[in-house]
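Everything quoted here is computed from the prediction, not taken from an experiment.
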Amino acid sequence: MPMDMKKTKDEIQWEMITSRFLSYDQEKFIRIFGLEHDEEKVYITFMGRDYTIMRKTGLMYEGDRQATIDETVSVYELLTNSEHAPCLSGKWESISSLCTNTTDTSLGRYIDYLKPFGDDAQLMQKTLLEMGAEPANKGDVSAVLTVFPNIPVWFQYWVADDEFPASIQFLFDGGIAEHYRWSLLWNLMTMITDRMLETAGLER
């Protein structure tokens, strides 16, 4: 194959994502999650936004915009990895307790992602509420987002002061382990921070 005909890394990744999705029994996850659908499309609300999945190509859209890789992988992981609809366990788990196959659970990158907010905790909290999150009570910024029914993520943020640097925490209901591999939880956290910046009109 000539050099200019070689597939890019993104093209290869998209092929893997869509072909893996198309190999699954679509009727199964439609039934499990009670999704609206027709012969060509499946409709799903994820992280407060409405998406359309094209059943023949495996591509996903929000309106006319093709979903990002993080969005697509996060939705498809839920649909194809679930044997039943999500149920709450009632126990909050940190990323470090859920990621049993790695010792690298540092969240410092997400503090960097949110630097465009500066130290404006009020703006960060306001942004989360605009995203449909419910206010909570731990941290300078604290809110619970619903990724999908019975899949909440509790976002907590502490602004830096004279004694301590800024810190961040994402807590998941323990039931999420039945629907997401630990490695895909990082996708969800990236989606949350990206959505926060987008909602606030900021750039990473």
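In the hydrophobic clustering, where aliphatic and aromatic side chains (Ile, Leu, Val, Met, Phe, Trp, Tyr) are joined below 4.5 Å either directly or transitively, Leu129 stands alone. By the 4.5 Å side-chain criterion applied to Ile, Leu, Val, Met, Phe, Trp and Tyr, Val144 is assigned to a cluster that also includes Trp92, Trp154, Leu171.
Thr8 pairs by the side chain to side chain contact (heavy atoms under 4.5 Å, CB included) definition with Asp10, Glu11, not counting sequence neighbours. Applying the ring pair (Phe, Tyr, Trp, His ring centres under 6.0 Å) test to Tyr180 and every residue at least two apart in sequence or in another chain returns nothing. By the side-chain hydrogen bond (donor to acceptor under 3.5 Å, both in side chains) test, Glu27 pairs with Arg55, sequence neighbours left out. In this view, Ser183 satisfies the side-chain hydrogen bond (donor to acceptor under 3.5 Å, both in side chains) rule with no residue, not counting sequence neighbours. With sequence neighbours excluded, no residue forms a side-chain hydrogen bond (donor to acceptor under 3.5 Å, both in side chains) with Tyr61. Taking the side chain to side chain contact (heavy atoms under 4.5 Å, CB included) definition, one finds that Ala160 meets it with Ala166, sequence neighbours left out.
Looking at Met131 and Phe155, their side chains never come closer than 4.5 Å, going by heavy atoms from C-beta outward. When side chains are defined from C-beta on, Asp50 does not count as touching Tyr43, because their heavy atoms never get closer than 4.5 Å. The side-chain heavy atoms of Val42 and Thr52, taken from C-beta on, include no pair separated by under 4.5 Å. Proximity of Ile44 to Phe33: side-chain heavy atoms (C-beta onward) are nowhere separated by under 4.5 Å. Contact annotation: the side chain of Phe29 approaches that of Phe21 to within less than 4.5 Å [non-hydrogen atoms, C-beta and beyond]. When side chains are defined from C-beta on, Val159 does not count as touching Met124, because their heavy atoms never get closer than 4.5 Å.
Pairs of residues two or more places apart, or lying in two chains, never qualify as salt bridge (charged side-chain N to carboxylate O under 4.0 Å, His left out) while including a residue from residues 143-169. Applying the side chain to side chain donor-acceptor pair (under 3.5 Å) definition to pairs two or more places apart or across chains, those involving residues 129-141 are Lys126-Glu130.
Between the side chain of Ser142 and the backbone N or O of Gly139 there is no donor-acceptor pair closer than 3.5 Å.
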Only distances under 3.5 Å count here; give the side-chain donor-acceptor pairs of residues 113-120 to other protein atoms, sequence neighbours excluded, each with its distance to 0.1 Å.
{"unit_1": "Lys115", "atom_1": "NZ", "unit_2": "Asp112", "atom_2": "OD1", "d": "3.3"}
{"unit_1": "Asp120", "atom_1": "OD1", "unit_2": "Gln122", "atom_2": "N", "d": "3.4"}
{"unit_1": "Asp120", "atom_1": "OD1", "unit_2": "Leu123", "atom_2": "N", "d": "3.0"}

Under 3.5 Å, sequence neighbours excluded: what are the donor-acceptor pairs made by side chains of residues 71-87?
{"unit_1": "Glu71", "atom_1": "OE1", "unit_2": "Arg65", "atom_2": "NH1", "d": "3.0"}
{"unit_1": "Glu71", "atom_1": "OE1", "unit_2": "Arg65", "atom_2": "NH2", "d": "3.3"}
{"unit_1": "Glu71", "atom_1": "OE1", "unit_2": "Thr68", "atom_2": "N", "d": "2.7"}
{"unit_1": "Glu71", "atom_1": "OE1", "unit_2": "Thr68", "atom_2": "OG1", "d": "3.2"}
{"unit_1": "Glu71", "atom_1": "OE2", "unit_2": "Tyr51", "atom_2": "OH", "d": "2.7"}
{"unit_1": "Glu71", "atom_1": "OE2", "unit_2": "Arg65", "atom_2": "NH2", "d": "3.0"}
{"unit_1": "Thr72", "atom_1": "OG1", "unit_2": "Thr68", "atom_2": "O", "d": "2.8"}
{"unit_1": "Ser74", "atom_1": "OG", "unit_2": "Asp70", "atom_2": "O", "d": "2.7"}
{"unit_1": "Tyr76", "atom_1": "OH", "unit_2": "Gly58", "atom_2": "O", "d": "2.5"}
{"unit_1": "Glu77", "atom_1": "OE1", "unit_2": "Arg181", "atom_2": "NE", "d": "3.2"}
{"unit_1": "Glu77", "atom_1": "OE1", "unit_2": "Arg181", "atom_2": "NH2", "d": "2.8"}
{"unit_1": "Glu77", "atom_1": "OE2", "unit_2": "Arg181", "atom_2": "N", "d": "3.0"}
{"unit_1": "Glu77", "atom_1": "OE2", "unit_2": "Arg181", "atom_2": "NE", "d": "3.0"}
{"unit_1": "Thr80", "atom_1": "OG1", "unit_2": "Tyr76", "atom_2": "O", "d": "2.7"}
{"unit_1": "Asn81", "atom_1": "ND2", "unit_2": "His179", "atom_2": "O", "d": "3.3"}
{"unit_1": "Ser82", "atom_1": "OG", "unit_2": "Leu78", "atom_2": "O", "d": "2.6"}
{"unit_1": "Ser82", "atom_1": "OG", "unit_2": "His179", "atom_2": "ND1", "d": "2.7"}
{"unit_1": "Glu83", "atom_1": "OE1", "unit_2": "Lys28", "atom_2": "NZ", "d": "3.0"}
{"unit_1": "Glu83", "atom_1": "OE2", "unit_2": "Lys28", "atom_2": "NZ", "d": "3.1"}
{"unit_1": "His84", "atom_1": "NE2", "unit_2": "Glu178", "atom_2": "OE1", "d": "2.7"}

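Ser97 and Glu93 share a donor-acceptor pair across their side chains, judged by distance under 3.5 Å alone.
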Using the side chain to side chain contact (heavy atoms under 4.5 Å, CB included) rule, take Gln169 and Tyr110 through it: C-alpha gap first, then chi angles, then the decisive distance, then the call.
CA-CA 9 Å; Gln169 183 63 272; Tyr110 297 101; over 6 Å; no

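Dense packing is recorded around CE of Met54, with more than 12 heavy atoms of other residues, nucleotides or ligands lying under 6.0 Å away.
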